[in-house]
Peer 1: 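I'd like to ask some things about the structure below.
Quick note: residue numbers are just sequence positions, from 1. Ligands are counted one by one from 1 in listed order, and the atoms in each one are counted from 1 as well. Side chains are part of it too, since the values below use all heavy atoms of this structure and drop only hydrogens, waters and symmetry mates.
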Amino acid sequence: MPKETVISIQGVHKTFIVPSKTSLYRRLTGKVVPERRIEVLKGVNLDIRQGETVVILGSSGSGKSTLLRCVNKLEKIDGGRIYVEGQLVGYEEKNGALTDERPAVTAKKRSHIGFVFQHFNLFLNKTALGNVMAPLRDVKGMSAAQAREVALPKLKLVGLADRADNFPSKLSGGQKQRVAIARALAMEPSVMLFDEPTSALDPELVGEVLNVIRSIAAQGTTMAIVTHEMQFAREIADRIVVMDQGVIVEQGPPEELFTNPQHPKTKALLSRSGMLPSQE
Ligand SMILES: Nc1ncnc2c1ncn2[C@@H]1O[C@H](COP(=O)(O)OP(=O)(O)OP(=O)(O)O)[C@@H](O)[C@H]1O
């Protein structure tokens, strides 16, 4: 693996098993609903290099979020390998053999990855500052004073220094998401993963969050972003990756991909979002 590769996703497969409906459902409806297997990732290969901003596009259900969640081991993969900074995700090596990772090892590896969710995931009983300090204290074992010293500049970076003492209930959606970004950044991760960071926001609050992500990208942070914001993707990405039905169908620099898409699914996606003259 080249040294500058931060994330290496190699032949990754993921299948969800939806259990059969309970016997109660069967008794009530008389229907038998067998177990279903949904193959969501079908051999995905993707390397993300140091300082690169990769935007993952694709229609709903194509597997974008699942791919990010596998990198952070929020989902377990069924096949292939994922390396973050050269370390295998999900496994640890003992006496030359690979064994399943212990939870403490997962937590340690995960602390190198910043993850920003669609729905913020803030602690409602902690202030903005308390939210940013929490992983510094819990995962990095910092004292309150140390954590505060690290957390405050991050809140300032996302434009929320004056909101440090506000609880999430007193923050707008955009502000909550900026706190979540500050919290992830405070851990000094080697890569930031954004899973549709603006899709739960009112339209007028999207811009402030995108601006913060732009400023982080400008600082050379390695990032992978799943988004449906096409214009933003075009502007911020070093590379666009298009997924469809669990595979990457096309990738390339935004200017190339937006002006001269090759794959029919890319063309359809761009056309649907008004980025290309209609193909239909
Ligand atoms: N925990 C789960 N159990 C069962 N099926 C799941 C689970 N998580 C995701 N899926 C299914 O996997 C498929 C891909 O989902 P995923 O969220 O990765 O797609 P996506 O490309 O991010 O879509 P969207 O743009 O709508 O968020 C979908 O069919 C979804 O219903």
Side-chain angles (χ1 to χ4, degrees), residues 7 9-22 25 33-46 48 53-80 82 84 89-90 106 110 113-121 173 177 180 184 191-203 206 209-210 213 223-234 236-237 239-251 254 257-258 261 263-276:
I7 294 181
I9 297 169
Q10 303 177 2
V12 163
H13 287 259
K14 172 72 189 169
T15 297
F16 288 108
I17 298 172
V18 183
S20 57
K21 290 268 168 79
T22 60
Y25 176 86
V33 180
E35 173 186 288
R36 278 187 309 132
R37 301 173 72 84
I38 310 173
E39 196 182 3
V40 177
L41 301 177
K42 302 171 186 167
V44 176
N45 296 295
L46 177 65
I48 300 179
T53 296
V54 170
V55 173
I56 305 171
L57 301 179
S59 54
S60 190
S62 54
K64 308 178 298 293
S65 298
T66 302
L67 183 64
L68 283 197
R69 292 171 63 80
C70 287
V71 172
N72 207 20
K73 221 200 150 194
L74 294 167
E75 301 290 354
K76 195 169 191 273
I77 62 176
D78 309 312
I82 299 178
V84 175
V89 173
T106 301
R110 205 178 264 158
I113 302 172
F115 201 103
V116 175
F117 299 85
Q118 187 177 346
H119 292 289
F120 330 132
N121 293 11
Q177 193 57 300
V191 58
M192 288 281 286
L193 307 179
F194 292 87
D195 188 7
E196 301 195 30
T198 60
S199 55
L201 299 178
D202 291 338
V206 168
V209 172
L210 295 185
I213 300 175
M223 307 205 288
I225 307 172
V226 169
T227 183
H228 292 282
E229 298 281 340
M230 291 291 181
Q231 193 52 50
F232 172 67
R234 180 173 190 164
I236 198 173
R239 183 157 46 116
I240 303 263
V241 168
V242 181
M243 287 188 70
D244 186 70
Q245 295 185 29
V247 291
I248 292 175
V249 293
E250 184 168 3
Q251 56 180 306
L257 198 127
F258 277 86
H263 197 280
K265 295 290 181 185
T266 312
K267 291 180 188 174
L269 186 71
L270 298 185
S271 166
R272 272 202 307 278
S273 29
M275 303 292 286
L276 263 192

Peer 1: I want to check something: taking the side chain as every heavy atom from C-beta on, are Phe117 and Leu68 in contact at a cut-off of under 4.5 Å?
Peer 2: no

Peer 1: Taking the side chain as every heavy atom from C-beta outward, state whether Val242 and His263 have any atom pair closer than 4.5 Å.
Peer 2: no

Peer 1: Does the side chain of Val44 come within less than 4.5 Å of Ile248's, by heavy atoms?
Peer 2: yes

Peer 1: Got a sec, which pairs hit salt bridge (Lys or Arg N to Asp or Glu O under 4.0 Å) with one end in residues 60-70, sequence neighbours left out?
Peer 2: Arg69-Glu75

Peer 1: Could you pull out every N or O of ligand 1 that sits under 3.5 Å from a protein N or O, with the distance for each pair?
Peer 2:
from     : atom 1 : to     : atom 2 : distance (Å)
ligand 1 : 18 (O) : Thr66  : N      : 2.9
ligand 1 : 18 (O) : Thr66  : OG1    : 2.5
ligand 1 : 19 (O) : Gly63  : N      : 3.4
ligand 1 : 21 (O) : Ser62  : N      : 3.0
ligand 1 : 21 (O) : Ser62  : OG     : 3.3
ligand 1 : 21 (O) : Gly63  : N      : 3.0
ligand 1 : 21 (O) : Lys64  : N      : 3.1
ligand 1 : 21 (O) : Lys64  : NZ     : 2.7
ligand 1 : 22 (O) : Ser65  : N      : 2.9
ligand 1 : 22 (O) : Ser65  : OG     : 2.8
ligand 1 : 23 (O) : Gly61  : N      : 2.8
ligand 1 : 25 (O) : Lys64  : NZ     : 2.8
ligand 1 : 25 (O) : Glu196 : OE2    : 3.2
ligand 1 : 25 (O) : His228 : NE2    : 3.0
ligand 1 : 26 (O) : Ser60  : OG     : 2.5
ligand 1 : 27 (O) : Glu196 : OE2    : 2.8

Peer 1: Does Lys73 have more than 12 heavy atoms from other residues, nucleotides or ligands lying within 6.0 Å of its NZ?
Peer 2: yes

Peer 1: Can you check whether Gln177 reaches Thr198 side chain to side chain, under 4.5 Å on heavy atoms?
Peer 2: no

